[in-house]
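Data first, discussion second: the structure below is written as C-alpha cells.
Throughout, protein chains are lettered first and strands after them, A, B, ... in sequence-line order, and every chain is numbered starting at 1. Values below: all heavy atoms of this structure, side chains included; hydrogens, waters and symmetry mates excluded.
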2 protein chains.
Amino acid sequence: MKKVCLSPAEIERRLEDANVRPTAQRIAVARYVLCEADHPTADAVKAWADANFPKMSLATVYNTLGILVKAGLLKEMRLPHTGKTVYDDNISDHYHFVDEKTGKLYDLDETQVQVASKLDGGFKVTGVDLVLRGEKR
Amino acid sequence: MKKVCLSPAEIERRLEDANVRPTAQRIAVARYVLCEADHPTADAVKAWADANFPKMSLATVYNTLGILVKAGLLKEMRLPHTGKTVYDDNISDHYHFVDEKTGKLYDLDETQVQVASKLDGGFKVTGVDLVLRGEKR
DNA sequence: TTCTTGATTTAGAATAGTTCTAAATAACAA
DNA sequence: TTGTTATTTAGAACTATTCTAAATCAAGAA
C-alpha cells in the first residue's frame, strides 16, 4: 500500500486546520509520522529526528505526538505485548495483526476481520481493541 | 460467578503437578491469584501479601507470577490502556470487557463475542487479543 | 523596528512498572 | 551433619514516559 506523501506546506495547513501552531518541529514530526513512518514508536520518531532534524528533544517528540493525537490526526495505542506505545496515522476504526517474529504491525479493516458482540444491555461498548497475533509471509 | 476456593494442600498439589516446588510464598501467591483475586496486578498481589503473609519481597511476587504463567496455571496480559500487566486465572481462550470508568475487567466467552477472520493465507493467526471498552451497569 | 507576552522547546529530573544482581537463606540429598 | 542447589531478598538498574523549570521563540502592540 503506497502512501501519498504530503509536502511541508500541506502538513502545515493540516496542522493549522487542527488548531495546532505549525512550528518547525511539529511540521517535521507530523510529516514523518503521517507520511513516512509505519506504526512508529516515540523512540523511532526520536531516532528519525536525530538523523533528519537539526535538534529535537525527546520531550518535544512526546509532546508533539500527544498534540497530534489530541488533534485527531494520529491514533495512539499500546499493544498487548510490547509495553511501548505506537502511533498510527490510520485514524479510522480498524484492527491489527502483529507478526510475532518481526514485531511488524499490519492494519486490518472490517473486510478482513469482524467482531460480533452479543453482549446484553449491561455492557455499553464504546470501543474495540483487537489484535491478531501470528506470522505473516 | 462464584469461585471455588482451593485449600493450601490442593494448591500445593497443583504446583507439584506443574513441577513447581511448593514453597510457602508460592502457595500463598498461587492461592490468592487462583482463588481470591480477580485480574490482579503485581501490585495488588504485593499488597495482599503485605497484609497476609509474614514477609514477601516484590521480586518474589514477580518471580512467582512468572513461574505460574510459565507453568500454565495463569495467564498474563497487558491491557491496551493501563501500562500494567494483569494476571488472569482463567486460562482458557477468552476475551475481555473493560469498564473505562472503574477499570474493572470482565471475562467474555465465545457466546458473548465472536471474532471472524477472513484473512488470506499470508496471515497465520496463532492468537487473538480482544478487549471491548465501555461502561458496565 | 523593538518590546512584551505567551507559547514552545529543552535538558534533565522524576516517576512507574518491571527486571536484574548478588548476597542471604532455606530445602533437599548424601 | 555437610554439601549443593533452589529460592528469596533488598536494592540497584532499566525502560518508557511524564514532569519541571529555565531558555528560546514568535506574533502582535507600540
Side-chain angles (χ1 to χ4, degrees), chain A residues 8 11-12 15-16 18-33 37 39-50 52-71 74-88 103 105, chain B residues 8 11-12 15-16 18-33 39-50 52-71 73-87 103:
Chain A
I11 289 288
E12 196 170 333
L15 293 176
E16 276 164 349
N19 272 307
V20 173
R21 197 192 297 188
T23 65
Q25 286 89 339
R26 289 174 182 171
I27 293 169
V29 168
R31 186 151 195 263
Y32 177 63
V33 299
H39 298 107
T41 59
D43 260 20
V45 176
K46 179 60 162 69
W48 174 87
D50 285 347
N52 297 277
F53 194 85
K55 194 153 176 279
M56 197 180 309
S57 74
L58 184 55
T60 295
V61 169
Y62 275 103
N63 241 324
T64 304
L65 291 170
I67 285 167
L68 295 178
V69 168
K70 228 174 3 189
L74 203 58
K75 261 190 169 178
E76 181 181 48
M77 58 185 180
R78 221 187 284 258
L79 295 177
H81 298 290
T82 89
K84 291 184 164 185
T85 299
V86 309
Y87 297 87
D88 194 340
L105 266 187
Chain B
I11 290 287
E12 198 170 335
L15 292 176
E16 278 165 347
N19 272 308
V20 172
R21 198 190 295 189
T23 65
Q25 286 89 337
R26 288 175 183 173
I27 293 168
V29 168
R31 186 153 194 263
Y32 177 63
V33 299
H39 298 106
T41 59
D43 261 20
V45 176
K46 179 60 162 69
W48 173 88
D50 286 347
N52 297 277
F53 194 85
K55 192 156 178 278
M56 196 180 310
S57 75
L58 184 57
T60 295
V61 170
Y62 275 104
N63 241 324
T64 304
L65 291 170
I67 285 168
L68 296 177
V69 168
K70 223 168 14 182
L73 297 171
L74 202 58
K75 260 189 168 179
E76 183 180 49
M77 59 184 180
R78 223 187 283 257
L79 294 178
H81 298 292
T82 88
K84 290 183 166 190
T85 300
V86 311
Y87 295 88

Mind checking what makes side chain to side chain contact (heavy atoms under 4.5 Å, CB included) contact with [X], not counting sequence neighbours?
X     : result
B:R78 : B:T85
A:K70 : none
A:A24 : A:F53
A:T60 : A:Q25, A:M56, A:S57, A:T64

Give the B/S/- string for nucleotides 7-17 of chain D, one per nucleotide from 5' to 3', where a protein heavy atom under 4.0 Å of the base yields B, of only the sugar-phosphate yields S, and otherwise -.
SSBB-----SB

Measure from [atom1] on [X] to [atom2] on [N] and round the result to the nearest Å.
X     : N      : atom1 : atom2 : answer
A:E12 : D:dA26 : CD    : P     : 12 Å
A:K70 : D:dT18 : NZ    : C1'   : 13 Å
A:E16 : D:dA26 : CD    : C1'   : 14 Å

Considering residues at least two apart in sequence or located in another chain, which fulfil the ring pair (Phe, Tyr, Trp, His ring centres under 6.0 Å) criterion with A:Y32?
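Partners of A:Y32 by the ring pair (Phe, Tyr, Trp, His ring centres under 6.0 Å) criterion, ordered by chain and then number, come out as A:W48.
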
